[in-house]
Amino acid sequence: MEMFKYMEMYDYEQLVLCQDKQSGLKAIIAIHDTTLGPALGGTRMWTYETEEAAIEDALRLAKGMTYKNAVAGLNLGGGKTVIIGDPRKDKNEEMFRAFGRYIQGLNGRYITAEDVGTTVADMDLIHEETDFVTGISPAFGSSGNPSPVTAYGVYRGMKAAAKEAFGTDSLEGKIVAVQGVGNVAYTLCKYLHEEGAQLIVTDINKDAVKRAVEDFGAKAVEIDEIYSVDCDIYAPCALGASINDQTIPQLKAKVIAGAANNQLREPRHGDVIHELGIVYAPDYVINAGGVINVADELYGYNYDRAIKKVELIYDNIEKVIDIAKRDRIPTYKAADRLAEERIERMRNSRSQFLQNGHHILSRR
Ligand SMILES: NC(=O)c1ccc[n+]([C@@H]2O[C@H](COP(=O)([O-])OP(=O)(O)OC[C@H]3O[C@@H](n4cnc5c(N)ncnc54)[C@H](O)[C@@H]3O)[C@@H](O)[C@H]2O)c1
Ligand SMILES: CC(C)C[C@H](N)C(=O)O
C-alpha cells in the first residue's frame with residue numbers, strides 16, 4: 001500500500017505507529033477526520049497476516065468512525081486503533097499502559113474505547129496513563145462495557161429496517177441469522193428472543209454458539225452455512241467484509257442489519273444488494289449505540305440520557321431509507337451523504353472562527 005497516496009485519497013489526517021519492545025506493543029492509531037471534534041474510536045486487538053493488513057484495517061475502521069459519529073449527531077471526529085496480537089495470549093499490563101502513554105502524547109486528538117479483542121479491564125489500564133479513554137469501569141463514574149448498548153441500538157435499527165421490508169417493525173416470528181455471537185450479538189439475541197424471533201447462529205468460538213443455543217433456543221449452523229439459510233434477516237455481527245461476491249448470491253434474507261463494522265467488502269456490494277431489493281441498514285448507522293454511550297462520559301455519564309440518544313438509531317435508519325428512496329440511491333450512499341453533509345456544514349462554519357482559541361497574533 002502506498003500510504004500517503006491512500007491517506008490523500010480518503011482524506012486521512014494522521015497515522016501513528018507505536019512500538020514498545022518490552023511489552024510487545026505494536027499499535028496503529030489512525031485519525032481520519034477531526035472536523036466535528038476529537039477523534040473517538042475503539043481499540044481492536046487482533047492477529048493480522050501482514051502489517052499492511054493491520055494498517056488497512058485501522059484506516060478503514062477510523063473512517064467508519066468519522067461517518068458513524070457524524071450521523072449519530074456526536075461532536076466527535078473519527079479514529080481507531082489496531083493492536084497487533086492475539087487477545088487471548090499476548091496481552092499484558094505494561095502493553096496497555098505503554099499504549100495509554102502514546103494516547104496521552106496525542107493530547108486529546110484521539111480518545112479510545114473498546115472494540116473486538118479489548119475489554120473494560122484493558123481500558124482501566126490505559127486510564128492509569130491518560131484521561132483520553134472511555135468505556136472504563138463504572139466505579140470511575142464511567143459507562144463500562146459498551147456492547148450491551150450497541151446491541152440495543154442494533155435491535156432498534158433492525159426494527160426500523162424490518163418495517164421497510166415487511167410493513168411492520170415487529171420481529172415476532174421472524175427468522176434472524178446471526179453471524180458471530182460475541183459480546184454485542186449475545187445481547188442482541190436476547191432482545192430478539194424476548195420479542196419472539198427465531199435465531200440461527202454461527203461462530204468460530206464453539207462456547208459462544210453453545211451459550212446462544214442454551215439461552216435462546218438458537219439453531220446452530222456451520223460457519224459457511226450462515227449465508228444460505230432460510231431467514232428473513234441476516235445480522236452480520238463478527239468481523240467485516242461478510243457481504244461480498246461469494247456471499248451475496250447465497251443470501252435469502254430481505255434485510256441485512258447487524259453490528260459488524262465495514263460489512264460491505266467494497267462499496268459496490270452495497271449497490272448489488274440494493275439491486276436485489278434487500279433493505280440494508282448501513283453498518284455505521286445501526287451500530288452507533290456503543291460510541292453514543294461512551295461519548296456520553298464526556299458530559300458526565302448518564303445512562304438514561306445515553307439510551308434516549310441510542311433510541312434514535314431507529315429514526316436514523318428511517319431517515320437513511322427515506323433519503324435512499326427520494327434520491328433513488330442505495331442506503332449506504334444515503335448514509336454517506338448524511339454524514340458528509342454534516343461534516344461539510346461544520347467545516348464551512350468553522351472556517352469563520354479561530355481554531356483552538358489561539359489568535360494568530362499569539363505567535364508573535
Ligand atoms: N462492542 C461494541 O460495542 C461494538 C460497537 C460497534 C461495532 N462493533 C462491531 O461489532 C462486531 C462484533 O463486536 P463484539 O464486540 O461483539 O466482538 P466479539 O469479539 O465479542 O464478537 C465477535 C464474535 O465473532 C466471532 N467470529 C469472528 N470471526 C468469525 C467468523 N468468520 N464467523 C463466525 N464468527 C466469527 C468471534 O469468535 C466472536 O465471538 C465487530 O465488528 C465490532 O467492530 C462492536
Ligand atoms: C467507541 C467504541 C465503543 C467503538 C465501537 N467499537 C465501534 O466500533 O463503534
Side-chain angles (χ1 to χ4, degrees), residues 38-47 57-58 60-69 71-72 74 76-82 86-88 110-120 122-123 132-136 142-154 157 177-189 200-212 220-227 234-242 244 246-247 257-263 282-298 306 310 313:
L40 172 54
T43 295
R44 174 171 294 190
M45 185 164 183
W46 197 249
T47 49
D57 205 24
R60 285 193 73 199
L61 289 163
K63 181 162 178 268
M65 291 308 300
T66 298
Y67 283 66
K68 187 180 307 192
N69 294 340
V71 173
L74 302 172
L76 291 163
K80 200 92 175 187
T81 298
V82 157
D86 185 337
R88 286 165 307 179
Y110 170 66
I111 304 167
T112 200
E114 293 85 349
D115 193 64
V116 174
T118 58
T119 63
V120 175
D122 302 331
M123 297 306 126
F132 301 120
V133 51
T134 54
I136 51 178
S142 178
S143 64
N145 179 4
S147 304
V149 184
T150 301
Y152 182 61
V154 174
V178 184
Q179 181 189 46
V181 264
N183 287 318
V184 176
Y186 178 81
T187 308
L188 173 65
C189 286
I200 302 175
V201 300
T202 194
D203 198 297
I204 49 174
N205 176 347
K206 294 298 158 218
D207 292 337
V209 172
K210 190 162 169 268
R211 194 169 63 144
V221 297
E222 293 302 320
I223 298 294
D224 288 340
E225 275 181 85
I226 197 73
Y227 307 109
Y234 169 55
C237 297
L239 299 183
S242 86
N244 56 53
Q246 284 70 46
T247 59
N261 280 309
N262 295 334
Q263 293 171 20
D283 44 16
Y284 63 75
V285 182
I286 195 170
N287 73 14
V291 75
I292 293 170
N293 195 47
V294 300
D296 198 78
E297 290 179 26
L298 307 175
V310 173
I313 289 176

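The figures here come from the full heavy-atom set of this structure, side chains too, leaving out hydrogens, waters and symmetry mates. When a ligand or atom number is given, it counts from 1 through the structure's own listing order. The structure displayed is predicted, hence computed values, not measured ones.
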Nearest to atom 23 (C) of ligand 1 by heavy atom, Asp203, Ile286, Asn262, Asn287: which? Asp203

For ligand 1, which is the ligand I care about here, please tell me if Asp115 has any N or O atom under 3.5 Å from one of the ligand's N or O atoms. yes

Within the side chain of Thr150, is there an N or O that forms a donor-acceptor pair under 3.5 Å with the backbone of Val184? no

Check if Arg44 has a non-hydrogen atom at a distance under 4.0 Å from any atom of ligand 2. no

Report yes if Ser147 has an N/O atom closer than 3.5 Å to an N/O atom of ligand 1; otherwise report no. yes

Under 4.0 Å from ligand 1, counting heavy atoms only, is it the side chain of Asn183, its backbone, both or neither? both

What's the shortest distance from atom 1 (C) of ligand 2 to any protein heavy atom, and which residue and atom give it? Ala113 CB, 3.5 Å

Could you check which of Gly240, Ala259, Ala238 puts a non-hydrogen atom nearest to atom 41 (O) of ligand 1? Ala238

Any idea which part of Lys68 is under 4.0 Å from ligand 2, heavy-atom wise: side chain, backbone, both or neither? side chain

Near Lys80 (heavy-atom distance under 4.0 Å), the atoms of ligand 2 are 6 (N), 7 (C), 8 (O)

When distances are taken from atom 3 (O) of ligand 1, the protein heavy atom at minimum range is Thr150 OG1, 2.7 Å

Region of Cys237 that comes within reach of ligand 1 [heavy atoms, distance under 4.0 Å]: backbone

Honestly, for Asn261 the part within reach of ligand 2 (heavy atoms, under 4.0 Å) is side chain

With heavy atoms of Met65 as the reference, note each atom of ligand 2 found under 4.0 Å away. 7 (C), 8 (O), 9 (O)

Verify, without hydrogens or angle tests, whether Asn293 (side chain) and Pro146 (backbone) share a donor-acceptor contact under 3.5 angstrom. no

Close-contact set for ligand 2 against Val294 heavy atoms, below 4.0 Å: 1 (C)

Is the shortest N/O to N/O distance between Ala208 and ligand 1 below 3.5 Å? no

Going by the order shown, which atoms of ligand 2 are within less than 4.0 Å of some heavy atom of Gly290? 3 (C)

With heavy atoms only and a cut-off of under 4.0 Å, state how Glu114 meets ligand 1: side chain, backbone, both or neither. neither

Looking only at N/O atoms, are Asn261 and ligand 1 under 3.5 Å apart anywhere? yes

In the protein, which heavy atom is nearest to atom 2 (C) of ligand 2, and how far is it? Glu114 O, 3.5 Å

Ligand 2 versus Asp115, non-hydrogen atoms closer than 4.0 Å: side chain, backbone, both, neither? both

May I ask you to decide if Leu61's main-chain N or O and Asn261's side chain share a donor-acceptor pair within less than 3.5 Å? no

